[in-house]
Amino acid sequence: MNNWNLPVKEAVELQKQLSKKIVLKFSSRKINYIAGVDLGYDKKSELGFCSVVIFTFPDLDIFQIYNYHQEVLFPYIPGLLSFREGPIIIKIFEKIIPKPELIIFDGQGIAHQRKLGIASHMGLLLNIPSIGCAKSKLYGKYEEPASEKGSRSYLYDYKDNPIGVVLRTKDNVKPVFISPGHLIGINKSVEIIMKCVTKYRIPEPTRIADIQVAKYKEAILQN
DNA sequence: GCGACAG
DNA sequence: ATCTTGTCGC
């Protein structure tokens, strides 16, 4: 139903085209539900497992949990993560009703070589505001933020344009890399991520999705 | 040509 | 992501 299993050359070209459609402006009126997405894999069976956990916002109560798994053939190639995880994410979102007003992905948004990390690519296809929250850097340059919670510094591309923020979500922990996916800007992305951080380095949506996908994977692989 | 390199 | 025990620090 989409352009997925493409040759690398064509996938790269598609990213360049799609990145032109990314909108870095938040227009929605109010956010009632936020979703966190994460995936896990089983090398032996070539299966990819995906969990989407939907939270009320800003209370952050778990509202719904969705799980789905299918075969994954596209390899992990830095810069092309969405071609590996995209098919399963699009599939699981077909089941999600109602759609959340915002989605947080484990990975980059526009902080990407071609300005189309997985959060941007998925946000665009789903037409839902999205944010990328990665545990490490893929692309760009930055200065280390101070060690206190809330400290941040901009992440820039190699033409000095800001593409995201390196954010310290807790005291003395490694910072996370925040970048807008689609239909949202840098500052608003950081504001929302901070509202999703409670007791841990990783914001609740993706943190709980990670725990959920591990449980789901174990349950499926057992039978 | 040599590193860097989301999950 | 996954593999994989103990261990350092709050």
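What you see is a predicted model, and the numbers here were worked out from it, not measured in a lab. Note on naming: letters A, B, ... go to the chains in the order of the sequence lines (proteins, then strands), and numbering restarts at 1 for each one.
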Listing time: all N or O pairs from protein to nucleotides 5-7 of chain B that are below 3.5 Å?
residue : atom : partner : partner atom : Å
dA6(B)  : OP2  : Y76(A)  : OH           : 2.6
dA6(B)  : O4'  : Q108(A) : NE2          : 3.4
dA6(B)  : N7   : G79(A)  : N            : 3.1
dA6(B)  : N6   : G79(A)  : O            : 3.2
dA6(B)  : N6   : L80(A)  : N            : 3.3
dA6(B)  : N6   : L81(A)  : N            : 3.1
dA6(B)  : N1   : I118(A) : N            : 3.0
dA6(B)  : N3   : Q108(A) : N            : 3.0
dG7(B)  : OP1  : K135(A) : N            : 2.8
dG7(B)  : OP1  : K135(A) : NZ           : 3.3
dG7(B)  : OP2  : S136(A) : OG           : 3.3

Can you give me the N/O atom pairs linking the protein to nucleotides 4-8 of chain C at distances under 3.5 Å, or say none if there are none?
none

### Task
For DNA chain C, list all stems, counting runs of three or more consecutive pairs where every pair is Watson-Crick or G-U wobble with both distances under 3.5 Å.
none

### Query
Within less than 4.0 Å of OP1 or OP2 of dT2(C), is there a side-chain N or O belonging to K44(A)?
no

#### Entry: Flag, side chain of Q108(A) to backbone of S136(A), donor-acceptor distance under 3.5 Å
yes

## Note on the structure
Taken to the nearest whole Å, CZ/R201(A) to P/dC10(C) is 18 Å

#### Entry: Heavy-atom donor-acceptor pair, H182(A) side chain to V23(A) backbone, under 3.5 Å
yes

### Set of residues satisfying salt bridge (charged side-chain N to carboxylate O under 4.0 Å, His left out) with respect to D106(A), sequence neighbours excluded
K135(A)

### Task
Quickly, which of Y33(A), F55(A), F57(A) forms a ring-ring contact (aromatic ring centres under 6.0 Å, His included) with F63(A)? Name it, please.
Y33(A)

#### Entry: Set of residues satisfying side-chain contact (heavy atoms from CB on, under 4.5 Å) with respect to L81(A), sequence neighbours excluded
Y76(A), E85(A), I118(A)

### Query
If you find the nucleotide of DNA chain C closest to D42(A) and the one closest to N172(A), which residue's nucleotide is nearer the 5' end?
D42(A)

#### Entry: No-hydrogen, no-angle side-chain donor-acceptor test under 3.5 Å, D59(A) and T56(A)
no

### Query
If you look at every strand shown and take non-hydrogen atoms under 4.0 Å, does K141(A) touch a base, only sugar-phosphate, or nothing?
nothing

### Query
Given the rule that a pair is Watson-Crick or G-U wobble with both distances under 3.5 Å, how would you write DNA chain B in dot-bracket, using | for pairs to a different strand?
.......

